[in-house]
There are 2 protein chains.
Amino acid sequence: MKIERTNRMSLVDQVVLQIEELIESGTWTVGTRLPSEMELMEQFDVSRNTLREAIRALVHSGLLQTKQGSGTHVCSTSALGAAIERRVSKSRLQETLEVRHALEREAARLAAARRSEEDVGRLRLYLDNCRQASAVRNQEAYAEADIQLHQAVAAATRNHLLIELYEHMTEALHSSVRNLVELSFCTDVHEYIHEKLVEGIAAQNEEAAAEAVNEYMAYLKDLLSTSLEE
Amino acid sequence: MKIERTNRMSLVDQVVLQIEELIESGTWTVGTRLPSEMELMEQFDVSRNTLREAIRALVHSGLLQTKQGSGTHVCSTSALGAAIERRVSKSRLQETLEVRHALEREAARLAAARRSEEDVGRLRLYLDNCRQASAVRNQEAYAEADIQLHQAVAAATRNHLLIELYEHMTEALHSSVRNLVELSFCTDVHEYIHEKLVEGIAAQNEEAAAEAVNEYMAYLKDLLSTSLEE
DNA sequence: ATAAACCAATCATCCTACAAATTTGAGGTG
DNA sequence: CACCTCAAATTTGTAGGATGATTGGTTTAT
């Protein structure tokens with residue numbers, strides 16, 4: 001039994017909760033355009049002010065997006081992304097990288113312990129995509145394949161909280177420093193580490209997988225320090 | 001130059017930003033009671049609706065707290081805590097523990113690399129507090145000293161993002177499972193790991209510190225699995 | 001067919017009014 | 001004086017109306 005935190009919930013909070021439920025349940029998917037304020041007022045049986053306060057709260061949380069004259073659209077299914085992005089944007093790059101690597105190292109260990117054969121197949125596929133993009137020096141394709149590979153590692157952990165946090169940290173990182181795309185450029189070291197990571201996970205060798213991430217981190221830190229000296 | 005995301009910011013967003021600034025700058029510290037809506041309307045020169053939408057957004061973010069008839073108070077300086085707590089409350093305990101341990105392992109490594117002599121002093125102090133509480137079997141004091149110790153480890157990393165995330169994960173963990181307080185009860189294993197962790201950091205031995213966290217994690221996972229079988 | 005003008009839908013802001021919860025303080029009582 | 005009672009003032013919560021600004025589509029004129 002979940003009592004409403006010592007007293008009854010305000011109307012605004014009730015509307016917020018109902019909208020969140022509609023989004024999380026998938027009734028309103030990302031991109032969906034919500035009914036107009038008038039219709040929502042009738043649907044929830046609240047006044048304009050109450051409805052607008054609820055919507056404004058969700059807009060600020062990053063779940064909704066409103067545009068005058070156009071309407072309100074579902075923007076995301078989780079409020080974590082916006083909160084993390086705001087916080088990360090105020091951090092130094094090195095701090096953010098260290099946190100992301102903390103998640104990645106754990107992901108590598110858990111993936112090695114829990115990966116299925118399907119996971120290994122996906123990892124090898126994305127690794128191959130990386131190699132092909134690297135061979136033709138297609139930086140854009142490489143960056144995409146690189147992200148897919150790392151997210152496949154996270155996915156193999158079966159830990160949805162970890163998957164989501166890693167994804168949000170990666171997004172926040174990329175949106176805060178577009179100029180450092182070279183961090184995910186194709187290099188021999190990068191390739192060697194990718195292979196060690198994937199094969200470590202395939203062999204269910206936690207230590208090898210974690211060590212690959214360690215090397216990746218040391219490599220990035222080195223790259224970053226020389227990059228900042230310029 | 002930071003243009004306001006392709007068009008001018010709405011009045012509500014401007015007010016939100018100003019209030020956030022007042023909180024982050026420390027002008028309004030946690031616990032401070034905000035001026036009444038009337039006064040804030042004059043201060044920001046906006047209507048009551050606009051002001052209320054801004055306040056409601058910050059309430060939902062976890063920065064403010066309103067109580068009818070009483071007023072509005074500052075609740076936190078960061079919106080991350082509330083977002084994390086919401087997300088963690090929907091996760092399984094094991095998932096949350098794995099993420100927290102990812103952060104803790106990285107914290108142990110970085111602390112070993114960067115700790116000052118003052119950090120070592122604090123760590124040994126809190127370790128001693130743990131021992132004393134353990135000696136007299138004072139569970140409450142032990143839990144507090146335990147938290148202080150782990151946060152001191154995070155603090156020694158000098159990575160404020162990591163510190164904040166670890167703190168929020170710990171809070172979310174504790175508020176979501178009050179019934180598992182025994183996780184931080186005093187045991188010999190617990191003490192042995194604490195000592196290994198602190199001494200590893202003092203000796204600037206990253207591997208030893210990380211290994212201590214690994215052992216702690218294995219111990220907790222074991223405890224958890226037997227606890228769930230009951 | 002193209003471009004300009006128009007129009008309907010929608011969100012943004014402001015206003016007033018009243019309800020509900022809390023705090024404050026005046027006045028009475030021992 | 002200390003303490004209780006209760007009404008008034010303060011403060012947030014909810015309702016409803018009015019107007020402005022922006023967008024997207026439609027119509028109209030060339």
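Below, each value reflects all heavy atoms present in this structure, side chains not excepted, and no hydrogens, waters or symmetry copies. Each chain gets a letter, A, B and so on, in the order its sequence line appears, and its residues count up from 1. As the structure is a prediction and not an experimental result, all values here were calculated from the model.
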dT14(D) phosphate, OP1 or OP2, under 4.0 Å from S47(A) side-chain N/O: no
For H60(B), ring pair (Phe, Tyr, Trp, His ring centres under 6.0 Å) partners two or more places apart: none
H168(B): partners by ring pair (Phe, Tyr, Trp, His ring centres under 6.0 Å), with sequence neighbours left out: none
Heavy-atom check, side chain of D146(B) versus side chain of H150(B), under 4.5 Å: yes
Just the rounded figure in Å: distance from [atom2] of [N] to [atom1] of [X].
X: F44(A); N: dA15(D); atom1: CZ; atom2: P; answer: 13 Å
X: I55(A); N: dT13(C); atom1: CD1; atom2: C1'; answer: 15 Å
X: E42(A); N: dT10(C); atom1: CD; atom2: P; answer: 12 Å
X: E53(A); N: dT14(D); atom1: CD; atom2: P; answer: 7 Å

Pairs touching residues 20-37 of chain B that satisfy salt bridge (charged side-chain N to carboxylate O under 4.0 Å, His left out), sequence neighbours left out: K90(A)-E24(B), E37(B)-R48(B), E37(B)-R52(B)
Ring geometry between Y216(A) and H194(A) (parallel below 30°, tilted from 30 to 60°, perpendicular above 60°): tilted
Side-chain donor/acceptor of N49(A) to base of dG16(D), under 3.5 Å: yes
Donor-acceptor contact below 3.5 Å, side chain S10(B) vs main chain D13(B): yes
Modelled atom types, side-chain donor and acceptor of Q151(B) and Y166(B), under 3.5 Å: no
Close approaches to DNA chain D from residues 10-21 of chain B, in residue order (heavy atom, under 4.0 Å): none
Under 4.0 Å protein heavy-atom contact, by nucleotide of nucleotides 6-12 of chain D - B base, S sugar-phosphate only: -----BB
Using a 3.5 Å cut-off and no angle test, enumerate the donor-acceptor pairs between side-chain atoms of residues 69-77 of chain B and protein atoms at least two apart in sequence or in another chain.
| residue | atom | partner | partner atom | Å |
| --- | --- | --- | --- | --- |
| S76(B) | OG | S78(B) | N | 3.1 |
| S76(B) | OG | S78(B) | O | 3.0 |

